[in-house]
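Notes follow once the structure below has been shown.
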Amino acid sequence: MRVLVLIVNRLLWFVPTLLGLLIITFTITHIIPSDPIAFIAGDNASAEQIAQLKEKFGIDKPIPVQLWNYIVGVAQGDFGKSLYTQRPIADDLVSRLPATLELTLVAVLLAAIIGIPLGVLAAVNRNSWIDHILRIFTVSGLAIAAFWLAILFQLLFAMEWGLTPLQGRVDGWGPDVVTGFFLIDSLIMGDWAVFWDVVHHMILPAITLAFPAMATVMRFTRAGVLDAINSNYVDYQQAMGVPRRVVIWRYVLRNALIGTVTQLGLIFGSLIANGVVVEAVFDWPGLGLYAVQSILQSDYNAIMGFTLVMGTIFIIANLLVDITHGLIDPREAR
Amino acid sequence: MGDELLKVTDLQVGFSTEGGLARVLDHVNFSIDTGEIVGLVGESGCGKTTLARSILGVLPKNSARIGSGEIRFQGRNLLAEDEATLATEVRGRQITFVPQDPFSSFNPVFTIGAQIEELMKWKSPAIEAGARVGRYSRTRRKEDRERVMELLRTVQLPDPAAILAKYPHEVSGGQRQRLMIAMALLPEPRLIIADEPTTALDVTIQAQILKLLRRLATDLGVSVLFTTHDLGTAYEICDRITVMYAGQEVESAPSDEFFAAPAHPYTVRLLQSLPSRDRGITGIPGSIPGLIAPPPGCRFHPRCDLATAECSATRPGITEVGANHLVRCYHPETTTEAAP
């Protein structure tokens, strides 16, 4: 029941949040001094041709009018067309979304699967050499810029040792598209060669993306475990002789995860931001790369479309976090 | 009295703090007979919780320093046993624990039933002594559940099945402490250590819980070490009372005699300080000494009217002033004006 109220409440906020996001992004992209028409028309275009093009794309009108027209369009499901390719933005987004989602989800999973146990390990061995070494990892994870790490990985693993492909998502055409998630699609095809190829391509970008998220997960798990370990219920179980490993991995961890899960929503936001950089470096054909190209070309509608999709994903991710929170913590659920 | 179940001899425990070593237990002697309920009474910070935790073997590892002494329980010296053996054979099996705060001693994110089941998985009396606990078999789980239901009825919890399905925050404080008492009894221990088990509860609930604990312990022949700072509470349920002052045990006597004929000057002053109609509230002049640099000898001597030079030189030995009435004082009082 409470979960239902939560969902409805979030959905009500969904529209105003996105609207705010739209207005801000629209204003910023349109007031920066860049001229997509000059790109499209080329050097030799006459003033008349330029005026025609501007009219054609509706960017001759004042910005508030353009904004209004755009919002009306989005409300009707029309995200506009790319200024360059003339393809509908919606189609571009749909075809590129799975690549980004796949990379992001793998990164989240990696961050959780590696970060949570390491966080527990660091907390249990607080101030020992294990904790200090792990701290080096968390601090670097938070401090190292994604693009730098990406290039470093490429230099080392792809160029120097040749262990992984340099960039891209798959060699050749990739699997038949069913879900758009290549890992899943290649399994559906039953083609192990393609599956391993996809995995190979994914390793570097996924690790690059997961690294800072893993650092955050680890820090919060460590803090959560330390908090729980000093609580009376842990003291009680130990005084009653329940084995320590059971107390830590079953009871303490469950309590510690409440904080970690709460952080996952925010981590998701940083994954989206880093994803843009990582996709650009690894030439990953997802939304991030699309956004970079669109921004360089001032392709207004494409930038706006990217923003809308990412905003939506971020809001949904946080809703899921809140629901999960309610499931882990019974005090929240009623 | 009966045979000795637990005997603490000459126990010295300190805690390393930033200011130096806090000498929390100074060569403490203490004992409990089988089936006896002993109250360990003293002000906050006098070391009663430290003594209780030493017996359980759950002192904070990185700060506690055990200097000397012996804790003999059923003949074995707990301080000499290794940690793993204590955790499987003694803690939660032979010696169980009722915590001070039933509110925070349950894990908030698991049902009460799940937490009791976890305890029974490791500590059920159905487990043979020394046996390794592997999988929790279905038959044992079922047997244990029967035990749990029966005991929850014994501690007068209405509708046990419903309570087991609830989360800790969904039941009242009194019910939680009844659950804690049930959990302490479930492994069928020889000794229950109850560390101020009623401090966090309302006065009316306190009385019920104390009576329950007293009745069950007597019925089942379980010994109880009961720490409290409340003399009234101790009087209600204890067979014998041991008083501690600043990390030293000063007097130990059967409850009746303790209140009727206290021998140690601190005990006398303590009983006089109980609020009463004709005296009003009187305190003991001075304050508790710091434990990092405590007074030498008897730690009460700076506040004691009877103190002499020898009091501040060496700590007095144990004098038996009556049947089972032990006192550590050079000048024990023989007559008294204190009344319960």
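Labels below follow one simple rule: chain letters A, B, ... track the order of the sequence lines, proteins then strands, and each chain is numbered from 1. Just so it is clear, the values below take in all heavy atoms, side chains as well, and ignore hydrogens, waters and symmetry mates.
With A/Tyr233 as the partner, the side-chain contact (heavy atoms from CB on, under 4.5 Å) test is satisfied by one option alone out of B/Pro168, B/Ser104, B/Pro108: B/Pro108. Of the options B/Thr96, B/Val58, B/Leu56, a side-chain contact (heavy atoms from CB on, under 4.5 Å) to A/Met240 is made by B/Thr96 and by none of the others.
The line from CZ of B/Arg53 to CG of A/Asp235 is 4.0 Å long, rounded to the nearest 0.5 Å. Atom OH of A/Tyr236 and atom CD of B/Gln115 lie 9.0 Å apart (nearest 0.5 Å). To the nearest 0.5 Å, the span separating CG on B/Asn62 from CG on A/Asn127 amounts to 9.5 Å. For the atom pair CD of A/Gln237 and CZ of B/Phe106, the computed distance is 10.0 Å after rounding to the nearest 0.5 Å.
Within a 6.0 Å sphere centred on CZ of A/Phe137, heavy atoms belonging to other residues, nucleotides or ligands number 12 at most. Within a 6.0 Å radius of CZ in B/Arg65, other residues, nucleotides and ligands contribute more than 12 heavy atoms. Counting heavy atoms of neighbouring residues, nucleotides and ligands inside a 6.0 Å radius, atom CZ of B/Arg147 exceeds 12 of them. The local environment of CD in B/Glu70 is crowded, with over 12 non-hydrogen atoms from other residues, nucleotides or ligands closer than 6.0 Å. Counted within 6.0 Å of CH2 on A/Trp196, heavy atoms from surrounding residues, nucleotides or ligands total 12 or fewer; the atom is thus considered open.
Between the side chain of B/Lys123 and the main chain of A/Val242, no donor-acceptor pair closer than 3.5 Å is present.
Within the 4.5 angstrom heavy-atom criterion, no atom of A/Arg244 approaches chain B. Contacts between A/Val234 and chain B at a heavy-atom distance below 4.5 Å are absent for every atom of the residue.
Between B/Glu118 and A/Tyr251, the side chains place a donor N or O and an acceptor N or O closer than 3.5 Å (distance only, hydrogens not considered).
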